[in-house]
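The structure appears below as C-alpha cells.
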Number of protein chains: 2
Amino acid sequence: MNVRTLCLGILAFDEASGYEIKKAVEDGMFSHFIEASYGSIYPALTQMLADGLVSVREQAQEGKPLKKAYSITEAGRKALKNSLHELPQQDKFKSEFLFQALFREQVDPQHLEAVFNGQMEYLYDELSTIEECRQSLEPGSGHAFVNGYGHAVVSAAIQYMEESRSSLGLLARKPISSDAAE
Amino acid sequence: MNVRTLCLGILAFDEASGYEIKKAVEDGMFSHFIEASYGSIYPALTQMLADGLVSVREQAQEGKPLKKAYSITEAGRKALKNSLHELPQQDKFKSEFLFQALFREQVDPQHLEAVFNGQMEYLYDELSTIEECRQSLEPGSGHAFVNGYGHAVVSAAIQYMEESRSSLGLLARKPISSDAAE
DNA sequence: CCTCACATGTAATGAGTTACATGATTGG
DNA sequence: CCAATCATGTAACTCATTACATGTGAGG
C-alpha cells in the first residue's frame, strides 16, 4: 500500500489537513496500517489534488498558519475502491524486535532489557489507545473489527512477554513511577 | 533494519549462500523479521565481502551452478552486534489487511471474502511453520522465544478472526480438501 | 516438452525517509 | 526564554523491488 491510498482512506471518513493525517497515522484511529511522514503525505496530497482525487478548502486561522482541509472527491472514492481491490491478499507478521530477541546472547544485557521494556511500553500504550478508540465508535463499523483484532493480538503479545520475562533473565518490570508503599 | 544486518544475523548461525538466505527468509527459520529479495541479498553479500564482514568459499558442484557459501568473519560479528544495538527500540504492529477490513463496505463482498480467507490461510500456514521450527530447536535458544511469541500472536489472530467471521457476513470456511466424514 | 528448483547476478525504477526551511502561538 | 504544538512544504538521499539476463538438471 502506498501513502496515497492511506490518505484517501482517511479522507473517506472525514476531511483533514496533511498535519491531521500525520497525527491520525501516528497515534490515532489510523495508526494500525502503515507509517507515513510529512515528506510523503504532503506530496501525495498535492499530487492527488492535481489528479482530481481530492479537493481543498483553505482556512485562514487567526494567529495560526493557513490550514488546508482536503476532502475526497467522487473520483477519489473510485480510486480508493480500486486500490483496495489491488492490495496484496496476505499480510505477514514481521518484527524487528524478534530479531533482536533472537540474538539476546550477543547484546549487552542492559540493552536487551531496554529493548524488552521499550517493546512492553509500546504494547501497553497500544492497548490503551485501542481502548480509547473503542469508546468513540459506532458499533458495527470497520473500526470495531480493527480494534478488536488489535486488542486480541496485542494482549496475546503482552501475555507471552510477561510470561517469558524470567526465562530471559530479566527482572520484573520496575514500577512506572513513584507509587505509594503497599 | 536493513538486508545487510539480516544476512549477517543468518550467517552468525551458519554459513549460507545467497539462495539459501532467501529461502530462510521466505519460509524458514528467519521468516519473521523482514522481507528480502535476491536483488537486495546478492548486492549486500558482495558489499560485505568487500568490507571484510563475510568470507566466501566457492563450491563447484557437478551438474549444478557454482555455489558460494558465505561465512561471517570476526569483523562481521562485531558489525552485527553494533547494528543490533542501533535498531529501533520499538516495533509496531502494522497491517494492510486491517486497512482492507476497515473499508469492508466499500469493496465487493466476494473480494472481502477472498481477502479474509487469504489472510486465514496465511495464518494457519504460519502456525504450522512455527510448529515445525519448534521441533528442530535446542531449548533455550533465541529461536524458542521467537517461535513462542509468533505462536501466541498468530493463534490470537486466528481465534479473533474465526469469532468475527459471522459478524462480517462471511460463511464458515469451506473444507480445505476432500476430508473423510467424521 | 515444459515447468520447477537450483543458482547468481545487474539495472532501472520507485517509494519513501531524513533533514532542511519557515514561522506563529502557547505554556512552563 | 525555551520547548512544544500547530502548520506546510522541498530536496537529497537511501534502500529495496521489479524485471531482466543466464544456465543446468530433474520430474511429470
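Sequence lines set the chain letters: A, B, ... in the order given, protein chains first and strands last, and positions in each chain run from 1. Predicted model, so just to flag it, every value in this text is computed and none were measured.
Remark: A:Lys68 fails to qualify as a cation-pi partner of A:Tyr70 under the 6.0 Å distance and 45° angle criteria applied to the six-membered ring.
As rounded to whole Å, 16 Å separates atom P of C:dT25 from atom NZ of A:Lys67. If you measure from atom CG of B:Leu45 to atom C1' of C:dT8, you get 11 Å, rounded to the nearest angstrom. Here the C1' atom of nucleotide D:dA16 and the CD1 atom of B:Ile21 are 16 Å apart, to the nearest Å. One atom, CZ of A:Arg57, and another, P of D:dA7, lie 13 Å apart when rounded to the nearest Å. Put simply, CG on A:Leu49 is 10 Å from P on D:dG9, counting in whole angstrom units. Atom NZ in B:Lys23 sits about 11 Å away from atom C1' in C:dC4, given to the nearest Å. Protein atom CD of B:Gln47 is 18 Å distant from nucleotide atom P of C:dT8, rounded to whole Å.
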Problem set entry | Pair A:Ile21-A:Leu6, side-chain contact (heavy atoms from CB on, under 4.5 Å): steps then yes or no | CA-CA 9 Å; A:Ile21 289 174; A:Leu6 176 69; 5.6 Å; no
For this session: For side-chain contact (heavy atoms from CB on, under 4.5 Å), just list the numbers for B:Glu15 and B:Glu20, CA-CA rounded to whole Å, side-chain angles, deciding distance to a tenth of an Å, and then say yes or no.
Result: CA-CA 9 Å; B:Glu15 66 167 27; B:Glu20 286 164 346; over 6 Å; no
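Closest approach to the B:Tyr42 side chain among D:dT10, C:dT8, C:dC6 is made by C:dT8 (side chain taken as heavy atoms from C-beta onward).
Distance alone, capped at 3.5 Å, places no donor-acceptor pair between the B:Ser31 side chain and the B:Glu26 backbone. Checking side-chain atoms of B:Glu96 against main-chain N and O of A:Ile34 turns up no donor-acceptor pair under 3.5 Å. When atom types are taken as modelled, the side chain of A:Thr73 and the backbone of A:Leu53 share a donor-acceptor pair closer than 3.5 angstrom.
With sequence neighbours left out, the ring-ring contact (aromatic ring centres under 6.0 Å, His included) criterion links B:Tyr160 to A:Phe145.
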Counting only pairs under 3.5 Å, give me each side-chain donor-acceptor contact of residues 152-159 of chain A, with atom names and distances, residues two or more places apart or in other chains.
from	atom 1	to	atom 2	distance (Å)
A:Ser155	OG	A:His151	O	2.7
A:Gln159	NE2	A:Glu163	OE2	3.3

Kindly list each side-chain donor-acceptor pair under 3.5 angstrom involving residues 98-112 of chain B, sequence neighbours excluded, with atom names and distances?
from	atom 1	to	atom 2	distance (Å)
B:Gln100	NE2	A:Leu84	O	3.3
B:Arg104	NH2	A:Gly140	O	2.5
B:Asp108	OD2	A:His85	NE2	3.2

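In terms of phosphate contacts, B:Lys68 brings a side-chain nitrogen or oxygen within less than 4.0 Å of OP1 or OP2 of C:dG9.
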For this session: Heavy atoms under 4.0 Å is the rule here; annotate nucleotides 14-21 of chain C 5' to 3' with B where the base is hit, S where only the sugar-phosphate is, and - elsewhere.
Result: --SBB---
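Using a 4.0 Å cut-off on heavy atoms, the residues of residues 6-20 of chain B that approach DNA chain C are B:Ser17, B:Gly18, B:Tyr19, listed by number.
Under the 30°/60° scheme for interplanar angles, the aromatic rings of A:Phe93 and B:Phe93 are found to stand perpendicular.
Taking the six-membered ring for Trp, B:His143 and B:Phe30 have ring centres closer than 6.0 Å.
Taking five base pairs at each end of the helix from C:dC1-D:dG28 to C:dG28-D:dC1 and finding the rotation axis that steps the C1' atoms of four pairs onto the next four gives two axes whose angle is 40°, to the nearest 10°.
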